[in-house]
Structures are given as C-alpha cells and as structure tokens.
Trainee: 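Shown below is the structure under consideration.
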Amino acid sequence: MYTLSTTLNTSILIAAGLITVILLLFLVAVVMQHRRNIQLWKEKLDAEVRTLEHERVRIAADLHDDLGPLLATVKFQVSNLEVAKADEPQLIQADDRLEEILQRLREIAHDLMPTTLQRKGVYFALEELVDNLNGKIPTRITVHSIDTVAFENEKAVHLYRILQEIIHNTIKHAQAQKLDITLQSKNNMLLVETVDDGKGFQQTEVRTGRNGRGLLNLLNRCELMGGSLYLDSQPGKGTRYNIEIPV
Amino acid sequence: MSASILVPVLFSLLRFHVAGSQFRPFIWCLWLGLFNEVLSYLLGRYLKTSTVNNNIYVFAESLLLLWQFYRWNLFYRFKNLYLGIAIVFLSEWVVENIFFHKIMLVSSWFRILYSFTLVLLSLLMINKLLLTEKRALLKNAVFLCCAAFVLFYSCKILIEVFWLYGLGVSKAFRVDIFSITDYINVISNLLYAVAILCIPSRQRLTLQY
C-alpha cells in the first residue's frame, strides 16, 4: 500500500522528469532550427554575393569593352580636328578631359573586377592594388606573402574584397601613416594580418553594428569561406585585423 | 554528488586566462559554489546547520549570474532593466531574510524568484543566439551555460515550491524531494565543464543585430 509520501514522491519525480524531457526536447529543437537557419542564411548570402560579383564583372566588362573604345574613338577624332588657332587651347583642354575620363573609366573597371585577379590570382592583384595606391595616399602600404597557397577563384575574389575593404577603411577612417599586410599559410589555414598605426576606434561601437555595411561585408565574406575574423582596436592605438581562412 | 562542481572549477582554473572578461562572473560563481559546498559540509558536520551560508550564497549567486548576463550583452539596450532586477533581488532578499527573520530558515521565495528570472534570461539569451550566432550552437559556451541554467533552475523552482508547500508531509520527505536537485546539479556541472572547454581562446568578431 502506498503512503501519501510515496505517492507524492513519485508524482514529483514524474513531474521533474517530464519537465526535464520537455526542456531537453526544446533545446534539441532550438539546435536543429539554428542549423537550418544557418544553412539558409549561408545559401542566401552566397547567392547575394555571387550576384554582386557577376554584376561587377559584367559592368567592368561593359565599361572596358564598350564605353572605353567609344570614348577612345571620340578622343582620337577630337585630337584630329582642325580648328582655328584661337580655339586650340579649348581643344587641348577637351582632349585632356577625355584622357582623364578614359583613365578614370579604366580605374573604375579595374576596381570593379581587376583583370589581374582573374588571370594571376589574389596575391598579384593585391600587390597591383597596393602599387597603384602607394604614392597617391598618405598611408604607406606594404604586403608580405609567406608560403602562400593558391586559392580557387571564388575564395580568391572574397579574399581580395576583404583586403580591399580593409585598405579602403584604413585610408578613409584611420588616418594611418602605415599599413602592413601579411599573408601566411600554416597548418592548412591562410593567416592574414593587417596592422595600421592609425587612430583606432572603440570596439564596443563596432560590435553593436552601428557603423555601416563595410564591416558586415567583411564578416559575411569571412563566414562564406568558413573563416574567422578577429579585430583588435583601441582609440589612439591603431587597428589590427586577423583573419583565418581554411585552405 | 555535490562534489561534481570540482570538474568545472578545475577546468575554469586551467582556462581562466583564456576565458576573458566575458565569462569571469560565471567562473567566480563556480568558485563561490565550491567554497559554499565546502563550508556547508563543515558547518553541517559541526554546527548541524548550513542554512545561513546557503541563504547568503544564493544571493551572491543571483547577482553574479545577473552580472554574467550583462557581460553577455543581453541588456545592451536595457541597462536600467539590469539595475532594476538587481534592486528587486536585493530588496526581496533583505525583506525575506532580515525583516521576516528567515535567515535561519531556507529562503524559498527568493530562490523561486531568482530561479524564475534566470530561466527567463537564459531563454532570452538562447533566442538571441539563434539569430546572431553563425557557428554550431552545441560548441557555443554561452548556449551551453544557458541550457544548463534552464535545466537546473526550472527543476529548482519545482523543488522549492514543494519545499515551501510541504503539503503537510514530513521533513524527511521534503529532504528527499530536495535530493532531486543533486542529480540535476550533476548534469548542470558537466554542462558547465563542457562550456568552459568551449570558451574560445580569442574573441571572434560578431555583429549584434
């Protein structure tokens, strides 16, 4: 015969057991839903980035292959015009303007999709980007590559965009004298480190995502490659990015 | 069974420098828990009671874990809520233990209050991780901690209610009921130990939405 105590004890044990089972099921459901969310998010992000890169390639090609030759033809025709001596300065000015426009068009097409990136890979494209910038900006950028490995096309584009974004952020915000970029392969990982001696920033502001899409783009591209991004910055002490990407 | 707290405490000692400021209140809470277990054992053996130190311990535990949720940025938009909850904890503990002279008795109402609060905060944190975490949840130290909190403190609420409303049965029965928490305690301590092992050595950059 069961006493009240035994009955109550059993009831409480059953209640506690049921609560535990319900909570465990809840946690399992959370984990499964989260995995599904991540998969969908990665697929969506991948589609967005692919579309973005395809558009960039298309626009770069249109600029370089369509608009470029047209403008070059106009420049050629303008430079071969016979005009009165009084109008020559204006003609020379127009010729110079067209040359500027052509140059700017090449730069925009190059920024959108560097041909070096497609033909020679990310390391050469990066060196080309840095060579083009050094001398035109107050920041001195240096690149060191140690035992680096080749990347497949998609990852190469992501890596290039990440470094391009970091370089542009440094130029735009950091007011740095120098920016050092190091790329090294180690234990099947590509380790990228960028260090500048700029003004730095408060990390807590950045971590709450109030500072524009640039950092979000960096993170998204890192995530797409299965990599990790580490940021170390303090006001007045420069900024360091460490990126680890599985090869 | 209470000795199972040694496992997470040992791991926390080994990984203290790696843990960073994000997990310090939780680690201090574990160390305080071990200290309280030892103290309870000694006081129980020689003074036949460990109620007073346990009442003080649960108060400290509630504040440390509340602070831990603050460190995890759960209150980043509602800092006043964090202060409000801390004040509610303090007020309830003082009223129950000082004004009603219950420090020599188990302060069940306070335990129910802070357990309920911690379960809610844990669920909010899990919800937040669902949206912000882009890596496996089972390897996320915060998720493991919150899962352990939900399990442990949910059962604790149930047990405390039965401790409070003994339904007229004997004290021996009520002590038996209380022993259920020992089993849940072991599971929680193991989860804490795994969580400490999962604390990343470097803080990856993530953006909160």
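Labels below follow one simple rule: chain letters A, B, ... track the order of the sequence lines, proteins then strands, and each chain is numbered from 1.
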Trainee: Can you say whether Leu123(B) sits under 4.5 Å from chain A via the side chain, the backbone, both, or neither, judging by heavy atoms?
Mentor: side chain
Trainee: Can you tell which part of Tyr241(A) gets under 4.5 Å to a heavy atom of chain B, answering side chain, backbone, both or neither?
Mentor: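 The answer is neither part of Tyr241(A).
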Trainee: In this structure, are over 12 heavy atoms from other groups packed under 6.0 Å from Phe116(B) atom CZ?
Mentor: no
Trainee: State the CD1-CD distance between Ile38(A) and Glu133(B), to the nearest 0.5 angstrom.
Mentor: 7.5 Å
Trainee: Around Tyr70(B), counting heavy atoms of other residues, nucleotides and ligands shown, do more than 12 lie under 6.0 Å from its OH?
Mentor: no
Trainee: Taking atom CH2 as the centre, does Trp109(B) end up with more than 12 heavy-atom neighbours from other residues, nucleotides or ligands that are less than 6.0 angstrom away?
Mentor: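 Atom CH2 in Trp109(B) is not crowded, with 12 or fewer foreign heavy atoms closer than 6.0 Å.
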Trainee: Compare all side-chain heavy atoms of Leu27(A) with those of Val150(B) and state whether any distance is below 4.5 angstrom.
Mentor: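 Side-chain contact under 4.5 Å: no.
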Trainee: Quick one: which residues of residues 122-132 of chain A reach chain B at under 4.5 angstrom, heavy atoms only?
Mentor: none
Trainee: Identify the heavy atoms of Arg35(A) and Leu138(B) that sit nearest to each other, and give their distance.
Mentor: NH2-CD1, 3.8 Å
Trainee: Between His34(A) and Leu131(B), is there a donor-acceptor pair closer than 3.5 Å when you use the side chain of the first and the backbone of the second?
Mentor: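 No, because the side chain of His34(A) does not come within donor-acceptor range (under 3.5 Å) of the backbone of Leu131(B).
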Trainee: Please flag which part of Asp232(A) lies under 4.5 Å from any non-hydrogen atom of chain B: side chain, backbone, both or neither.
Mentor: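 For Asp232(A), no heavy atom lies under 4.5 Å from chain B.
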Trainee: With a 4.5 angstrom heavy-atom cut-off, is it the side chain or the backbone of Ile184(B) that approaches chain A, or both, or neither?
Mentor: side chain
Trainee: Rounded to the nearest 0.5 Å, what separation is found between the NZ atom of Lys134(B) and the NZ atom of Lys42(A)?
Mentor: 10.0 Å
Trainee: Got more than 12 heavy atoms from elsewhere within 6.0 Å of OH, Tyr41(B)?
Mentor: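 It does not: Tyr41(B) OH has 12 such atoms or fewer within range.
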Trainee: Counting neighbours of CD on Gln177(A) that are heavy atoms of other residues, nucleotides or ligands and sit closer than 6.0 Å, is the number greater than 12?
Mentor: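 No, the 6.0 Å shell around CD holds no more than 12 heavy atoms from other groups.
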Trainee: Does any part of the side chain of Leu151(B), heavy atoms only, come nearer than 4.5 Å to the side chain of Leu24(A), both counted from C-beta?
Mentor: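 Result yes, sub-4.5 Å side-chain heavy-atom pair found.
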Trainee: Please determine whether the number of non-hydrogen atoms from other residues, nucleotides or ligands lying under 6.0 Å from atom NE2 of His168(A) exceeds 12.
Mentor: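 More than 12 within 6.0 Å, yes.
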Trainee: If you take all heavy atoms of Cys155(B) and Thr20(A), which pair is closest and at what distance?
Mentor: SG-OG1, 3.7 Å
Trainee: Please look at Leu130(B) and chain A and tell me whether the side chain, the backbone, both or neither of the residue comes under 4.5 angstrom of a heavy atom of that chain.
Mentor: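 When you check distances to chain A, atoms from both the backbone and side chain of Leu130(B) fall under 4.5 Å.
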